[in-house]
Amino acid sequence: MNNFKNLRGTVDLLPDQLIKWQNVEKIIKEQLFRSSVKEIRTPILEMTELFMRGIGEGTDVVSKEMYTFLDRGERSCTLRPEGTASVARALIQNGIKTKPSQKLWYMGPMFRYERPQAGRQRQFHQLGVEYVGYKSSRSDIEIITLAWDILEKLGIKELNLEINTLGDHNDRLSFQKAFLKWLEVNKNSLDLDSQNRIDKNPLRILDTKDIQTKKILEDAPRLIDFLSEKSINRYLSIKEKLKLLKIPFIENFNLVRGLDYYTHTAFEITSGALGSQSTVCGGGRYDNLISQMGGIETPAIGFAIGLERLILLSGNELEENRGTDIYIVNKGFDAETLAISLSRRLRNYDLITELDLSGASFSKQFKKANKLNSKSIIVIGDDEALRNEFVIRLFGENSLDNKEDKISFDDSIKLEKWISKNLLATITSEN
RNA sequence: GCGGGCGUCGCCAAGUGGUUAAGGCAGCGGCUUGUGGCGCCGCUAUUCGGGGGUUCGAAUCCCCUCGCUCGCCCCA
């Protein structure tokens, strides 16, 4: 076996699987379109510095999961591990002042160097939505409901929305001060992982999985007690509105999320159906990111949905495929040319036509048409070529009677009539 | 980076030390060169992820290695 193989953690998506992907993407895009969210596309490759500064050097993503390499000009480049930093960069670079508020989405591959497992790949796909330049809690609500509605439109059930608030920069500073003081005292009773985080990213200790540490943390200072009145009111109003909108949620004070840039609202949507990688959607507010990256003070909030996990969760009704409408059986020199030109004409209709290219026997071609479940069939052979007409008839399982029509190659009207009577009616009733 | 499970045809598999490695699906060819669905017949792994070892003899036992997979960490 010295054939080529795909790289670990990457996958080939084959035509059959892509039917579902395309349907999922279509539903998502429609929902975004109706919500006035506009698409943005940024490069997959960025300078490494962007992610180090944007996401935070202490984070797991940056410290151990990036695909980083030197290009031929000795520049350090990184395949994007997430989309927010790139979008922020693009907006700053392209003059964010001229468009101070915008609703944006992007969809595409992201790369993280991790051990693959169920629902986790090294190259995976995300839908990201960013509301940039929106400050009020109304934007938090709209973006949470947008994420929720997309998942609902896809027919995904049994989702859990978790929310938390991280406060603003000052809230966090004063909390961190108290928390560090407490950590100093309790350091030795924490698990090793958490001890390591004290210097790098103390907030992350809050969502430790270690049971012992969890218990000890119950007596630690709580972020919520350090929030300013303004921050608290903001959070309370979000909870209030979610209740009024009947979006079920649970509060999770330990929801911190792995990226440094979050402020105020953090949220996550999970599903038990996913196994251990249960997060489908993660997001939050990042009011300081853009200014930290050199832009003007611009509050923003966003989320990302993992498409692979979405595909795993969405039902198989999205796998349904539209079959061939007309299969053109053809054989003989003149017949083949006529068949090609007829197939081109047929592509002006909303029909799926397939021209047989094999030159095989008629019986072979019929077998192929049958395998494809073609709804109808056109036959062009030497006889037809001679008479300048083709044979057309219905083909599916309900039409074994071989009732054929003959249509002249010049008679477009008769062809159109035949199509609308026999094919278009059934196609529209299906959709 | 650390644990557990697994690697036999494109896919699903039987085989657990003895001469030619079942079977099914898919594919190809034929019965049937101008009309399909069913059926029947035939073809498709000198080789069991790779390398080394034990043995008269290995897909089957041992060692190493690679890959996949599930979980931990973390995240989408």
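A note on names: the letters A, B, ... follow the listed sequences, proteins ahead of strands, and every chain is numbered from 1. Atom set for the values below is all heavy atoms of this structure, side chains included, hydrogens, waters and symmetry mates excluded.
- Ring centroid separation for the pair A:Tyr286 and A:Tyr262 does not come in under the 6.0 Å cut-off.
- When heavy atoms are screened at a 4.0 angstrom cut-off, A:Ala118 is found touching the sugar-phosphate backbone but no base atom.
- Atom CG in A:Leu312 sits about 15 Å away from atom C1' in B:C75, given to the nearest Å.
- Not one side-chain nitrogen or oxygen of A:Gln117 sits closer than 4.0 Å to the OP1 or OP2 atom of B:U69.
- Taking the C1' atom of each, B:G23 and B:C9 are spaced 13 Å apart, rounded to whole Å.
- Between A:Tyr327 and A:Phe395, the ring center distance fails the sub-6.0 Å criterion.
- Salt-bridge check for A:Lys157 with A:Glu152: failed, with every basic side-chain N at 4.0 Å or more from each acidic carboxylate O.
- With a 3.5 Å ceiling on both atom-pair distances, the Watson-Crick or G-U wobble partner of B:C61 is B:G53.
- B:U69 and B:G34 have their P atoms separated by 47 Å, with the value rounded to a whole Å.
- With P as the reference atom, B:G50 and B:U35 are 48 Å apart, rounded to whole Å.
- Nucleotides B:C56 and B:C72, compared at atom C1', are 48 Å apart to the nearest Å.
- A:Glu65 comes within 4.0 angstrom of sugar-phosphate atoms only, judged by non-hydrogen atoms across all strands, and of no base.
- Put simply, CZ on A:Phe267 is 15 Å from C1' on B:C75, counting in whole angstrom units.
- At a threshold of 4.0 angstrom between heavy atoms, the contacts of A:Glu384 include nucleobase atoms, whether or not backbone atoms are also involved.
- Of the candidates A:Leu346, A:Ile392, A:Asp356, A:Leu338, A:Leu346 is the only one forming a side-chain contact (heavy atoms from CB on, under 4.5 Å) with A:Ile328.
- You'll find that the side chain of A:Arg309 is closest to B:C75, out of B:C75, B:C73, B:G36.
- With B:A76, B:U32, B:G3 as the choices, the nucleotide that has an atom nearest any side-chain atom of A:Thr279 turns out to be B:A76.
- What separates CZ of A:Phe362 from C1' of B:G34 is a distance of 5 Å, to the nearest Å.
- Residues A:Arg112 and A:Gln121 form no side-chain contact, since every pair of their non-hydrogen atoms from C-beta on lies 4.5 Å or further apart.
- Contact annotation: A:Lys364 reaches the phosphate of B:G30 (side-chain N/O to OP1 or OP2, under 4.0 Å).
- For B:G27 and B:C75, the P atoms lie 46 Å apart once the distance is rounded to whole Å.
- Geometrically, A:Arg222 engages A:Phe253 in a cation-pi contact, judged by NZ or CZ lying under 6.0 Å from the ring centre and within 45° of the ring axis.
- Evaluation of atom-type donor-acceptor distances gives a pair under 3.5 Å for the side chain of A:Glu404 against the base of B:U35.
- Within 4.0 Å of A:Glu114, counting heavy atoms only, lies at least one base atom of the nucleic acid.
- Nucleic acid contact for A:Gly381: base, since at least one base atom lies under 4.0 Å from a heavy atom of the residue.
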Name the pairs: protein N/O against N/O of nucleotides 65-67 of chain B, kept only if under 3.5 Å.
| unit_1 | atom_1 | unit_2 | atom_2 | d |
| --- | --- | --- | --- | --- |
| B:G67 | O2' | A:Lys5 | NZ | 3.3 |

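- Within the structure, every side-chain polar atom (N or O) of A:Lys331 is placed at least 4.0 Å from both OP1 and OP2 of B:U35.
- Minimum atom distance to the side chain of A:Arg120 is reached by B:C72, of the listed B:C72, B:G71, B:U69.
- In this structure, A:Glu268 places its CD atom 12 Å from P of B:C74, rounding to the nearest Å.
- Across the C1' atoms, B:G49 and B:C68 are found 10 Å apart, a figure rounded to whole Å.
- Going from atom CZ of A:Phe51 over to atom P of B:C75 covers 17 Å, rounded to whole Å.
- For A:Arg115, whose side chain is taken as the heavy atoms from C-beta onward, the closest listed nucleotide among B:C74, B:G3, B:G34 is B:G3.
- Rounded to whole Å, atom C1' of B:U35 lies 13 Å from atom OH of A:Tyr327.
- Rounded to an integer number of Å, the gap from A:Met107 CE to B:A76 C1' is 14 Å.
- Under the 6.0 Å distance and 45° angle rule, A:Arg122 counts as a cation-pi partner of A:Tyr113.
- A:Leu151 has its side chain within reach of A:Ile305: a pair of non-hydrogen atoms, C-beta onward, lies under 4.5 Å apart.
- Nucleotides B:G30 and B:C66 have their P atoms positioned 47 Å apart, rounded to a whole Å.
- Within 4.0 Å of A:Lys368, counting heavy atoms only, lies no atom of the nucleic acid at all.
- Pair assignment for B:G27: B:C43, on the basis of Watson-Crick or G-U wobble contacts that are both within less than 3.5 Å.
- Between A:Tyr131 and A:Tyr134, the two ring planes are tilted [angle within 30° to 60°].
- The distance between atom CD of A:Gln123 and atom P of B:C75, rounded to the nearest whole Å, is 21 Å.
- Looking at A:Glu130 and A:Lys103, no side-chain N of the basic residue comes within less than 4.0 Å of a carboxylate O on the acidic one, giving no salt bridge.
- Comparing atom distances between the A:Phe366 side chain and each of B:G36, B:C74, B:G71 picks out B:G36 as nearest.
- Remark: the separation of the P atoms in B:C12 and B:C70 is 14 Å, to the nearest Å.
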